[in-house]
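Okay, structure first, notes after.
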Amino acid sequence: MDLPKFYSPTEVEDKIYEQWEASGYFNPDKLKLSEDAPVFSLMMPPPNVTGVLHLGHALENTIMDSEIRYQRMRGKRTLLLPGTDHAAVATQARVEKELINSGKYKNPRQELGREKLLEIIREYSENSKATILKQIRKMGTSCDWGRLAYTFDEPREKAVNEMFVRMYNDGLIYRGYRVVNWSVKGQSTLSDDELEYKEQAGKLYTFKYSADFPIPIATTRPETKLGDTAVAVNPDDPRYEQYIGVEFEVEVGAKKPLQIKIIADDAVDPAFGTGALGVTPAHSQIDFEMKEKHGLELIPVINQYGRMTEEAGPEYAGLKVLEAREKFVNYLKENNLLIKEEEITQNVGTSDRFGDVVEVVPMLQWFVNVNKKIPGRGTSLKDLMKEVFTTGLNGDEKQKIKITPERFEKSYFNWIDNLRDWCISRQIWWGHRIPVYYRKLGSQKAKGRRQNEIQNSKTWNLKIYGQETFENLKNGTKKIETRAGKPKGSEKYWGDFKAGDVVEFYLADAATDTKIARVEPIKKVITKVTHFQTLEEMFANYKMADITTSKTIEEEKSWWQKIPGLYKRIEQYGIWAFELEETKNSGIALTFFRHTQTNSNKNGITMGRTDMSINNEGSKQAEEIAEKIKNKHFDLIFCSPLKRARETAEILFGKNNLKIDERLTEIDFGQLTGKSWSEADEYREAGFPGGESYSDVARRVNDFLAEIFDKYPGKRIAIVSHSNIWKVLENIINDQPLNINFLKQHAQLGPIEFNLSEIKYVGDKPPKGEGWEQDPDTLDTWFSSGLWTFSTLGWPEQTADLKKFHPTTWMQMGYEILFFWMARMILMSSYALRELPFREVYIHGILRDKSGKKFSKSAGNGIDPLEMCAKYGTDALRMSLISGVAPGNDAKFYEDKVVGFRNFANKIWNIGRFIQMAKQDVGAGLAPARATARVAPTTLADRWIMSRLNNVIKEVTGDFDNYRFSLAAEKLYEFAWHELADWYVEIAKKQGDDNTYQLLTNIYLDTLKLLHPFMPFITETIFQSFEADKMLMIEKWPGVDEKKINAQTEQDFKVLQDLVTAIRSWRKEKNIEPKEILKVQIAGGGNLVTEQKEVIDYLCRTEIESVEELAEFNLEVDEMKIRIMI
RNA sequence: GGGUUUGUAGCUCAGUUGGUUAGAGCGCCUCGUUUACACCGAGGAGGUCACAGGUUCGAGACCUGUCAAACCCACCA
């Protein structure tokens, strides 16, 4: 077969790819290998279905395919599994933008609704996906198309749901009211990692809240100051020391006067601004953490639409943030409160997807707790994420990930150390729906008659028993912003309410539990959700009737203050007391310790209790709580041995999970005294007839607590006992203080969630029965990509693939998604499978244009890889992407580089063409000779090229094994062009015999094999023109023949090369006709000159003669003296 | 503020654990079309390896410092 003069890639590439695909060898199961052949598996980083492939993808495809092809030729059972990513936010943002740009829609979400918009996004993504898959083929990527996966297809959905449920059951996923990053434009949360900080000019205002407020503060966001609840100063700052702990009431125009407490916190930098920080817990991450630590109130003044809330005051409510800022600054100026106004540059968090400034607002969202200990494992997710690089997963040295280049380990750790809980819920629609279902309490059928105007808000239906309460709600005398409930006795429901939610109250008949039809329901919008942090706050917000006491506020207060130990601590750490149902005499208390860990590693502790009663059948509510907290929030559950406590605890936690402890035996007043607790004063100090004294019980419980916290450090412990034990605990705290520091160290509780306003079900599919609605939110896209290494293999099913290919052998990615993706894959895999996601990871840099700028659409410097393929061939593109780049470094890409490798491809092509023509001339067949005798190296040139080849095989193999792709490519380039073509082929022309050409054929075919991983198309094409019945892709990787490597031979040949170059150079300098044959005498050349005379003469157009000695000479090379005669 | 990377020929970059005379591609200069290849060949010019110290028999590489550039994280309230 005659090869054309130039290699034309476009003519062969598609054909060759089809041939590969048809062969089935992309599929590891079809490779002809022994059963025990080593496995090499690699999951393709799935490209986003947001558009088409760019050069970065081309680079990734080149790297992974080169590696895969190398490993396949090494005889591994090789799997490269292809896939795409639905890229939740990115895709929806892109499609929405296009819809808006088309002019047809202003607000696609509102105008189209969920289903229609999803349909459009789906169509868009399917088109994009089809294009991408085509492009991956075009790049020559040898992946197993039979195993194609998509992060948003059914098997992956199953994996996502399963993972969510597992993590939820382990208490690692929780729903919490915390500050999140909120894109007003995108109407969705964003994770910390999705923020992009941009420098912006801004103003730093220094002001005082009021004329007599002693501490000025500085801010760039004056409008948020309407929600301030504290001023934080550094504890060591002498200027403010005197004020620490003091509380001020200031009137700044907010709905209520601000209660500003001066707190001390190490996070405050005394040198910045005034050295005092106005704390706005609702609109700053750090301030929120201070709130947790210091028990501050949280007042949201900005809502999800970027407008001021009612809390901000009547003057401000409804204003946009910037308008409010102006107004507030004016207010400050008018009242002489503004001290300074400076121009500064600041970093503002923005969303690159939606293109707006991100607001920090408090919201109820789903989070992954990275610090909580995984039940039964003693490690947190964060620990796992570290383990894989330090001690090895599960402490197994062998279970470590190797990262190339190593330096990325450092930045990974740096990132882990700053890791906060991961907000995983998104309000966009394109993504995996959160597998949680709710059924509203009260009327199951009641759906909001009219759709709420407010997006993402919920309508709650709540039954009210009691005309009076209903009326109070109606005329606003009952506060519903803090809680919603039905005061039948003291039953109260705590809700997952968000500001903006609508509550519809129905009056119901207590006896029949049915709605009273003639009374119209009332609707209220929730404006604020508050968690009580102090007793003061609780008293201020609770009606006394809502607390199970007959005392007045003043009485209650003075009673609490009589117990300074407890009072002080509650003041300091806050209290959560959720009363779920009436505490009757026989109420059962669940006491829990909540450990709050903040970024600055200060510990706070919150104590609280949940009282609940059970009736004979076991209370419905207990069952609901059971659903919620069964095995989820506590590592250990201790229970009183008495029947009622046990029964409740069994419902809540299951029989087998309880540790019954005698020391939790409560005092049964009824039995002992025949009186109720409130009447039992007389026994408090004196002791009970026939039983322990009060302080005996206190001591017993105290000992018990000390013991269990000692014995189970770091465990989350629940105590179920008769509610009187709570009184005992109070006594302990009062009389012989419970060691709070001790608790700080030992009681480690994750956030605890009591969400009882609706019944929640977490699972793949909703339970049977009517009225179940799925959570409208979707999951962060990285939640599904985190499962990629195993969801692609059929997890959660224990498939054969999973067994065979996981942990995957290798992974490659750009450093820009190290945190997004690698961290999450490690988290998911080590948590759910207790396996590494991959054994090794190779980090590459990003591509930039010639002037060092990132490629981007907006910069208009994009280069379409397919255009490059069409123009110069895929092989040339691949070579240009992989060479000249150090691992992990950024690389500049420019077209001239591709041109160079196109030329190289043509060089390779023409060597093959020459061999074929030459062989035809001497009448030899094209196929390589098998018998080694016929291809034995005979001449110096033969021995040299064999030595060089084997050296190159050795080095290139080593480079591949250490992921030095660039070096391998450059060495092959050098060898093929400047050794094989420039020297050996030239000499072969002179040698001209059958043996030479056979030898040349073998060397050439080996070179093709070595080049195949980088340049699969051209090498396959030529190879098959030599060996029609074979396929290069599955040929064996050339082995090194050490015996052929000979330093002396290489040295000798180097002398020959130097001699030839010297003569040519001399001829050039003297301007001698190239064709003229020169007579040359050489002294000291020995065998080299005599034996290589013909070769030298041929290469230099000379007639050389070896002489003994030369008195005069023109040149010296090595030890030779050379005289050239004209 | 913490961290990482980079600084080598006109340009773009290699240079693996310290080891002969520091390399490649492009560009530049000179010459050449004898059929493998002008998408080529031959020859050539061009570098104080950012700077200053140090370790070493020996440093582009290792250490310290300085200067310059890029990036990541935290963040200034």
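For the numbers below, each heavy atom of this structure counts, side chains included, while hydrogens, waters and symmetry mates do not. Protein chains get the first letters and strands the later ones, always in sequence-line order, with residue 1 at the start of each.
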Side chains of A/Asp961 and A/Tyr70 only: does a donor on one sit below 3.5 Å from an acceptor on the other?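 A/Tyr70 and A/Asp961 do have a side-chain donor-acceptor pair below 3.5 Å.
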
Reckon [X] touches a base, only the sugar-phosphate, or nothing at all at heavy-atom distances under 4.0 Å?
X         : answer
A/Trp1066 : nothing
A/Thr220  : sugar-phosphate
A/Asn889  : sugar-phosphate

Taking [M] as the reference, what is the distance to [N] when you measure between their [atom1] atoms (whole Å, please)?
N      : M      : atom1 : answer
B/rC13 : B/rG7  : C1'   : 12 Å
B/rA50 : B/rU16 : P     : 15 Å
B/rG47 : B/rG15 : C1'   : 14 Å
B/rG43 : B/rU66 : C1'   : 43 Å

To the nearest 0.5 Å, how far apart are CZ in A/Arg878 and SG in A/Cys869?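 Interatomic distance, A/Arg878 CZ to A/Cys869 SG, rounded to 0.5 Å: 9.5 Å.
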
What I want to check is whether an N or O donor and acceptor connect the side chain of [X] with the base of [N] at under 3.5 Å.
X        : N      : result
A/Lys989 : B/rA36 : yes
A/Asn906 : B/rC37 : no
A/Glu986 : B/rA36 : yes

Taking the six-membered ring for Trp and the single ring otherwise, decide whether the centroids of A/Phe1014 and A/Phe960 are under 6.0 Å apart. yes

Side chain of A/Tyr7, backbone of A/Ile908: donor and acceptor closer than 3.5 Å?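 Side chain of A/Tyr7 to backbone of A/Ile908, a donor-acceptor pair under 3.5 Å: no, none is there.
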
